[in-house]
Amino acid sequence: MSWRADILTLFPAMFPGPLGESLAGRALAEGRWGLKVTDIRDYGLGRHRSVDDTPFGGGAGMVLRPDVVDAAITAVADERPLIVLTPRGVPLTQERVRALSEGPGAILLCGRFEGIDQRVIEARGAEEISIGDYVLSGGELAALVLLDAVIRLLPGVMGHEQSGVEESFSAPLLEYPHYTRPALWQGRAVPEVLTSGNHAAIAAWRLAQARQITQARRPDLYNQYIATGAAAP
Ligand code: SAM
């Protein structure tokens, strides 16, 4: 069975959105992954299908009710991991993305307003994931980001399987820079080694570039890399 994504959202029209295009869109059409979108408002209360209420303890904004969210989860829950997108979550990593891609799929719960009542998150044992240290207006774009990262790793989705192995974070180094034709553009030549045909020299140059850029931009990753012993000659 193909990898299955369920989305719980107040804005179902945001899906598949960009995932209906390119690699992910083709893979969706080919049935390599499946998408089901549930409108949380279908489980809203009363004539107005109300989904939120004011926060206990005061403060601005509204909070998604636990009873409403729980009913929406019940409609789709199974053995797949339940993930809540939230800036309070554990940062998403390529390691987690890869593990998710090797599983049966995921159920992604998108918050809105001030967020979701914490009790339903705890009661359901949901995993809280953040896509970065900034605040979006809703979890939908975060869910799309997570899905995009997972889908490209599913079998048969990427044209060249190797491209998933060499790229940033797999090492754990950021990737070396890329160049294509023309060899001279606006007075800028591509690094000479890349046109040398010397594969060992190219590999050594790329590794040196990857190390240099990682050390400059992401000392946290660089220290991890050094700790793995991979840097030793
Ligand atoms: N009051 C929340 C806080 O300060 O942590 C922010 C709520 S935000 C306006 C509304 C929703 O957007 C969140 O419930 C979450 O689903 C989503 N969201 C915002 N930033 C996110 C991020 N960096 N990663 C994942 N989801 C995010």
Side-chain angles (χ1 to χ4, degrees), residues 3-20 24 33 35-45 48-77 80-101 103 105-153 168-169 174 217-218 220-221:
W3 199 89
R4 288 181 308 123
D6 264 274
I7 311 289
L8 304 177
T9 173
L10 285 170
F11 296 93
M14 289 180 74
F15 297 89
L19 298 183
W33 67 289
L35 176 67
K36 190 170 144 232
V37 186
T38 297
D39 189 345
I40 296 172
R41 200 165 291 283
D42 290 346
Y43 299 88
L45 306 174
H48 298 293
R49 296 240 171 258
S50 173
V51 296
D52 56 345
D53 213 323
T54 53
F56 279 120
M62 302 293 274
V63 177
L64 282 164
R65 292 176 58 114
D67 47 358
V68 171
V69 171
D70 192 59
I73 294 171
T74 297
V76 299
R80 288 169 297 165
L82 171 64
I83 294 172
V84 182
L85 286 314
T86 164
R88 301 177 63 240
V90 173
L92 183 62
T93 61
Q94 188 65 14
E95 194 184 351
R96 186 68 190 110
V97 164
R98 190 168 288 281
L100 283 169
S101 75
I107 300 167
L108 304 180
L109 173 57
C110 305
R112 278 276 158 176
F113 320 126
E114 286 310 308
I116 300 167
D117 188 303
Q118 192 62 25
R119 291 169 296 178
V120 65
I121 296 174
E122 286 169 14
R124 288 290 187 164
E127 182 180 350
E128 296 179 75
I129 289 185
S130 163
I131 64 155
D133 292 344
Y134 40 78
V135 180
L136 304 167
S137 50
E140 290 76 12
L141 287 174
L144 288 166
V145 165
L146 184 151
L147 282 179
D148 182 85
V150 169
I151 290 160
R152 60 194 291 284
L153 297 185
S168 297
F169 306 115
L174 302 179
R217 292 184 184 170
R218 293 289 304 272
D220 57 323
L221 283 181

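Since we're looking at a predicted model, the values are computed, not measured. Numbers here simply count residues along the sequence, with the first being 1. In listed order, ligands and their atoms are each counted from 1. Atom set for the values below is all heavy atoms of this structure, side chains included, hydrogens, waters and symmetry mates excluded.
In terms of protein heavy atoms, atom 25 (C) of ligand 1 is closest to Thr86 N, 3.4 Å. Residue, atom and distance of the protein heavy atom nearest to atom 15 (C) of ligand 1 are Leu85 O, 3.0 Å. The nearest protein atom to atom 2 (C) of ligand 1, hydrogens excluded, is given as Glu114 O, 3.4 Å; this is a heavy-atom distance. The nearest heavy-atom contact from the protein to atom 24 (N) of ligand 1 is Ile131 N, 3.1 Å.
Numbered from 1 in the order shown, with element, the atoms of ligand 1 that lie under 4.0 Å from a heavy atom of Gly111 read 11 (C), 14 (O), 16 (O).
Note: no N/O pair closer than 3.5 Å links Phe113 and ligand 1 by distance alone. For the pair Val135 and ligand 1, the shortest N or O to N or O distance does not fall below 3.5 Å. On a distance-only criterion, Ala142 and ligand 1 share no N/O pair closer than 3.5 Å. Where the criterion is an N or O separation shorter than 3.5 Å, residue side chain and backbone included, Arg88 fails it with respect to ligand 1. The shortest N or O to N or O distance between Ile129 and ligand 1 is not under 3.5 Å.
A side-chain donor from one of Thr9 and Glu140 sits under 3.5 Å from a side-chain acceptor of the other.
Under the 3.5 Å distance criterion, the side-chain polar atoms of Trp33 are left unmatched by any main-chain donor or acceptor of Gly105. No donor-acceptor pair under 3.5 Å is formed between the side chain of Arg218 and the backbone N or O of Leu174.
Using a 4.0 Å cut-off between charged side-chain N and carboxylate O, Asp117 and Arg119 make a salt bridge.
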Original post:
Does the pair Leu147 and Leu108 meet the rule for a side chain to side chain contact (heavy atoms under 4.5 Å, CB included), with working shown?
Top reply: CA-CA 9 Å; Leu147 282 179; Leu108 304 180; 3.7 Å; yes
**OP:** I would like to know whether Ile121 and Thr86 meet side chain to side chain contact (heavy atoms under 4.5 Å, CB included); could you show each step before the answer?
**Re:** CA-CA 11 Å; Ile121 296 174; Thr86 164; 5.9 Å; no
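The heavy atom nearest to atom 22 (C) of ligand 1, considering only Gly139, Ser137, Pro87, is found in Pro87. In the candidate list Leu136, Leu141, Val84, Leu136 is nearest to atom 8 (S) of ligand 1, counting heavy atoms. Between atom 12 (O) of ligand 1 and the options Gly115, Gly138, Ser130, Gly59, the minimum heavy-atom separation is to Gly138.
Not counting sequence neighbours, the partners of Ser101 by the side-chain contact (heavy atoms from CB on, under 4.5 Å) test are Arg98, Val150, Leu153, Leu154. Remark: Ser137 engages Arg112 in a side-chain contact (heavy atoms from CB on, under 4.5 Å) (not counting sequence neighbours).
Applying the 6.0 Å contact sphere to CG of Asp220 captures more than 12 heavy atoms from other residues, nucleotides or ligands.
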